[in-house]
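Everything below concerns the one structure shown next.
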Amino acid sequence: MVKAVVLGAAGGIGQPLSLLLKTNLEVTELALYDIVNAPGVAVDLSHIATPAKVEGFLPPDNGLQKALAGAEVVVIPAGVPRKPGMTRDDLFKINAGIVRDLATAIATTAPKAFVLVISNPVNSTVPIVAEVFKQHKVFDPKRLFGVTTLDVVRASTFVAEVLGDRSLSPSVAVPVVGGHSGVTIVPLLSQSSHPLPSNLDTSTIDSLVNRIQFGGDEVVKAKDGAGSATLSMAYAGAEFTTKIIRALKGERGIIVPSYVNLTQEGGEALKKDLGKELDYFSAPVELGPNGVEKINGLGAIAPAERVLIDAALPELVASIEKGVSFIQTPKL
Ligand code: NAD
Ligand code: LMR
């Protein structure tokens, strides 16, 4: 029995993500919440012949609280997406408040749920959720995840393309660490399950790294004002959610990159590795029935990857601080 909730379920990500979760046979209840259209999306999905009972909720009549009651997994793709020329940080003004209010409802209604944050800027919205939970004295770092899976999915796809064999892409695994925005996205290509040829020229490697870091911009540009990645994100979000559900059902040995709070097992060692005092970082995490079991270190890093990590840290620190102070010292 697993109850999953999608907050922002009627959106570009929310709808296909809800569809994919409806096809997950472990999900027995699927609650869809949005400020618009969620009941319609729910009735539509409810005709699919899989076990999950689907219900849609709107804000009136405590819809958010009803959606969240008894939730084990809450996925948040609520908020506005980018348009060409915007950074993810430009979304902070609107999305920070949306995520804060949703986090408050989770903290009061389903404080033990696993919370998976998709809303951008992830580097700041995850600290926002944590601070709200701390204010309500229910924060458990093991249960809070920034979803960076799309970066991992892109890395698999683009590496397979460089290797000249797209059929490899489902099996290519590249750890992507750091955060989820431009230079904070650091693919560790030296640890790819399918190594790049040792004679590959530096400019090909540099453009591969750049494409993984700025893959989101590629989609924003192509959609030309109509939003950002939705279908690939729904795929990535469903992949990550499925792993979380498998872990909470007792499966061991699942390791996935995710943007997590570092005040837990493995966090101190990682900070030492990074040479920086910071509270959040995306790293491979080992999952268990209670969430994060351990944050793994970065392993053997190539010198060029160390340079990328060092370049990521200042932006990460600033984004984390921005999220934390949004809750701790809100401007009147
Ligand atoms: P969208 O505009 O299509 O959908 C967002 C949905 O959120 C809408 O249905 C809207 O009604 C809903 N919403 C707004 N305020 C809400 C609230 N207070 N409560 C509940 N629902 C609310 O946008 P999208 O393309 O689905 O993107 C959503 C977010 O995901 C954006 O912030 C985007 O930047 C982010 N995103 C993250 C990643 C990632 O890798 N983490 C990838 C792609 C997009
Ligand atoms: C992505 O990586 O596609 C998302 O973060 C959306 C965006 O704004 O690029």
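Remember, predicted model here, so these are calculated numbers, not experimental data. Every number for a ligand or one of its atoms is a count from 1 in the order of the listing. All values below were derived from every heavy atom in this structure, side-chain atoms included, with hydrogens, water molecules and symmetry-related copies excluded.
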Within the 4.5 Å heavy-atom criterion, are Lys22 and Val27 side-chain neighbours or not? no
Would you give the length of the straight line joining atom CD of Gln191 to atom CG of Leu298, rounded to the nearest 0.5 angstrom? 7.5 Å
Contact check, side chains of Thr50 and Leu25, non-hydrogen atoms, under 4.5 Å: yes
Indicate, as side chain, backbone, both or neither, the part of Asn120 found under 4.0 angstrom from ligand 2 when only non-hydrogen atoms are considered. side chain
Would His180 count as a polar contact of ligand 1, with the cut-off being nitrogen or oxygen pairs under 3.5 Å? yes
Can any side-chain N or O of Asp34 pair as donor or acceptor with the backbone N or O of Val36 at less than 3.5 Å? yes
Starting from atom 14 (C) of ligand 1, locate the nearest protein heavy atom and write down its residue, its atom name and how far away it is, to 0.1 Å. Ile35 CD1, 3.8 Å
Among all protein heavy atoms, pick out the one at the shortest distance from atom 28 (C) of ligand 1; state its residue, atom name and that distance to 0.1 Å. Pro77 O, 3.0 Å
Any nitrogen or oxygen of Asp217, main chain or side chain, under 3.5 Å from a nitrogen or oxygen of ligand 2? no
Ligand 1 contact on Ile98 by region, counting heavy-atom pairs under 4.0 Å: side chain
Phe145 vs Phe240 aromatic rings, parallel, tilted or perpendicular, using cut-offs 30° and 60°? perpendicular
Hey, are the side chains of Asn95 and Ile98 touching, using non-hydrogen atoms and a 4.5 Å cut-off? yes
Backbone or side chain, does any N or O of Asn95 fall under 3.5 Å from an N or O of ligand 1? yes
Could you identify the single nearest non-hydrogen protein atom to atom 20 (C) of ligand 1 and state the distance to 0.1 Å? Tyr33 CE2, 3.6 Å
Polar contact flag for Ile118 and ligand 1 (N/O pairs, less than 3.5 Å): yes
Give the residue, atom name and distance (to 0.1 Å) of the protein heavy atom nearest atom 8 (O) of ligand 2. Arg82 NE, 2.6 Å
With no hydrogens and no angle check, is any side-chain donor or acceptor of Ser192 less than 3.5 Å from a backbone partner on Leu189? no
Is Val122 in polar range of ligand 1, meaning some N or O pair under 3.5 Å apart? no
Donor-acceptor check, side chain of Asn123 to backbone of His180, threshold 3.5 angstrom: yes or no? yes
State the atoms of ligand 1, each with its element, that fall below the 4.0 Å cut-off from a heavy-atom position in Ala229. 43 (C), 44 (C)
Tell me if a side-chain donor or acceptor on Gln15 pairs with a main-chain N or O of Ala10 at a distance below 3.5 Å. yes
NZ-OH distance between Lys66 and Tyr33, expressed to the nearest 0.5 angstrom: 12.0 Å
Considering only non-hydrogen protein atoms, determine which one is nearest to atom 30 (O) of ligand 1 and report residue, atom name and distance to 0.1 Å. Ile13 CD1, 3.3 Å
Quick one: look at Val147 and ligand 1, take heavy-atom pairs under 4.0 Å, and tell me if it's side chain, backbone, both or neither. backbone
Check: His136 and Thr108 side chains under 4.5 Å, non-hydrogen atoms: yes
Pick from Gln213, Met233, Arg88, Lys223: the one approaching atom 1 (C) of ligand 2 most closely through a non-hydrogen atom: Arg88
Which residue owns the protein heavy atom closest to atom 2 (O) of ligand 1, what's the atom, and how far is it? Pro81 CD, 3.5 Å
Looking at ligand 2, does Val219 have a heavy atom less than 4.0 Å from it? no
The one among Gly14, Ser228, Gly12 that brings a heavy atom closest to atom 3 (O) of ligand 1: Gly12
Which segment of Arg154 sits under 4.0 Å of ligand 2 when only heavy atoms are counted: side chain
Note: heavy atom closest to atom 7 (O) of ligand 1, options Gly63, Gly11, Gly79, belongs to Gly79
Where's the contact between Asp101 and ligand 1, heavy-atom distance under 4.0 Å: side chain, backbone, both or neither? neither
Thr149/Lys243 under side chain to side chain donor-acceptor pair (under 3.5 Å): CA gap, chis, key distance, verdict: CA-CA 11 Å; Thr149 319; Lys243 285 184 176 154; over 6 Å; no
Work out which heavy atom in Leu20 is nearest to a heavy atom in Ala238; give both atom names and the distance. CB-CB, 3.6 Å
Around atom 42 (C) of ligand 1, find the nearest protein heavy atom and jot down its residue, atom name and distance. Met233 SD, 3.2 Å
Within the 4.5 Å heavy-atom criterion, are Phe133 and Pro141 side-chain neighbours or not? no
Once you restrict to heavy atoms under 4.0 Å, what part of Thr230 touches ligand 1? Side chain, backbone, both or neither. side chain
At less than 4.0 angstrom from any non-hydrogen atom of Val80, what atoms of ligand 1 do you find? 31 (C), 32 (O), 34 (O)
Among all protein heavy atoms, pick out the one at the shortest distance from atom 10 (C) of ligand 1; state its residue, atom name and that distance to 0.1 Å. Asp34 OD1, 3.4 Å
Say whether His180 and ligand 2 are in contact under the criterion: heavy-atom distance to a ligand atom below 4.0 Å. yes
Non-hydrogen atom of Gly227 closer than 4.0 Å to ligand 1: no
For ligand 2, which atoms sit closer than 4.0 Å to a heavy atom of Ser228? 6 (C), 7 (C), 8 (O)
Heavy-atom pairs closer than 4.0 Å: do any link ligand 1 to the side chain of Leu91, the backbone, both, or neither? side chain
Which atoms of ligand 2 have any heavy atom of Gly216 under 4.0 Å away? 1 (C), 2 (O), 3 (O), 9 (O)
Show me which atoms of ligand 1 lie under 4.0 Å from any heavy atom of Val36. 11 (O)
Donor + acceptor pair across side chains of Thr87, Asp89 (<3.5 Å): no
Backbone or side chain, does any N or O of Arg82 fall under 3.5 Å from an N or O of ligand 1? no
Does Glu131 reach the main-chain N or O of Ile327 with its side chain, forming a donor-acceptor pair under 3.5 Å? no
Part of Asp151 within contact of ligand 2 (heavy atoms, under 4.0 Å): neither
For Ala229, the ligand 2 atoms whose distance to one of its heavy atoms is below 4.0 Å: 3 (O)
Between Lys3 and Ala69, is there a donor-acceptor pair closer than 3.5 Å when you use the side chain of the first and the backbone of the second? yes
protein heavy-atom neighbour closest to atom 33 (C) of ligand 1 works out as Asn120 ND2, 3.8 Å
Test item: Leu64 and Leu68 side chains (from C-beta on) under 4.5 Å apart, heavy atoms: yes
Is it the side chain (CB and beyond), the backbone, both or neither of Ala78 that lies under 4.0 Å from ligand 1, heavy atoms counted? both
Any idea which heavy atoms bring Ala96 and Ile128 closest together, and the distance? CB-CD1, 3.6 Å
Side chain proximity check, Leu308 to Val183, heavy atoms < 4.5 angstrom: no
